[in-house]
Amino acid sequence: QVQLVESGGGLVQAGGSLRLSCAASGRTFSSYAMGWFRQAPGKEREFVAAMSWTGGNTHYADSVKGRFTISRDNAKITFYLQMNSLKPEDTAVYYCAVKPGPWGVNSDSGQYDYWGQGTQVTVSS
């Protein structure tokens, strides 16, 4: 089995930045598509960002375009979400997800096989 662990969340003032990390342990795989999702209290989980295995194709939710960037490590199963110009409405628990294989970008949460347990991001005004 595969376990994903998010880190890097915390409390930040509006306009500040955070970088979230997602690290995998357990069974390894040679390729994977990756994504980030978030869920605020009382709301459904929503798509944030995704990247294909090649890294040449990314997709972002309209609400974070121009502010968030998804990237991956070239040597290990680890990827990131750089969040700049944070707003109070970005407050949520953020989850990472992967789908083993040389897949393209996917914003549908149902297409991912493995999920982390989430990391809290709180943005104060």
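In this text the structure is predicted, and so the values were computed from the model without any measurement.
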Under 3.5 Å, which donor-acceptor pairs link side chains of residues 6-16 to any protein atom two or more places apart or in another chain?
{"from": "E6", "atom 1": "OE1", "to": "Q117", "atom 2": "N", "distance (Å)": "3.1"}
{"from": "E6", "atom 1": "OE1", "to": "G118", "atom 2": "N", "distance (Å)": "2.8"}
{"from": "E6", "atom 1": "OE2", "to": "C96", "atom 2": "N", "distance (Å)": "2.9"}
{"from": "E6", "atom 1": "OE2", "to": "G118", "atom 2": "N", "distance (Å)": "3.3"}

Can you list every pair that meets disulfide bond (SG atoms under 2.5 Å apart) and has a residue in residues 31-76, with sequence neighbours left out?
none

List the residues meeting side chain to side chain contact (heavy atoms under 4.5 Å, CB included) with S25, not counting sequence neighbours, and say none if there are none.
Q3

Sequence neighbours excluded, the answer for side chain to side chain contact (heavy atoms under 4.5 Å, CB included) partners of D73 is A75, K76, T78, Y80

Using a side-chain heavy atom cutoff under 4.5 Å and only I, L, V, M, F, W and Y, what cluster partners does W115 have?
F37, F47, V93, Y95, Y112

Please go through V5's hydrophobic cluster and name the other residues, only I, L, V, M, F, W, Y counting, with side-chain heavy atoms under 4.5 Å joining them.
none

Please identify each residue that fulfils salt bridge (charged side-chain N to carboxylate O under 4.0 Å, His left out) with [X], with sequence neighbours left out.
X	value
K43	none
E46	R38
R19	none

Please collect all side-chain hydrogen bond (donor to acceptor under 3.5 Å, both in side chains) contacts where either partner lies in residues 49-58, sequence neighbours excluded, each pair once.
S52-T54

List the atom pairs, donor and acceptor, that lie under 3.5 Å between side-chain atoms in residues 104-111 and the rest of the protein, sequence neighbours left out.
{"from": "N106", "atom 1": "OD1", "to": "D108", "atom 2": "N", "distance (Å)": "2.9"}
{"from": "D108", "atom 1": "OD1", "to": "G110", "atom 2": "N", "distance (Å)": "3.0"}

What pairs meet the salt bridge (Lys or Arg N to Asp or Glu O under 4.0 Å) rule with one or both residues in residues 60-70, with sequence neighbours excluded?
D62-K65, R67-D90

For W36 and F68, what are the C-alpha separation, side-chain angles and deciding distance, and is it a side chain to side chain contact (heavy atoms under 4.5 Å, CB included)?
CA-CA 11 Å; W36 286 96; F68 291 10; over 6 Å; no

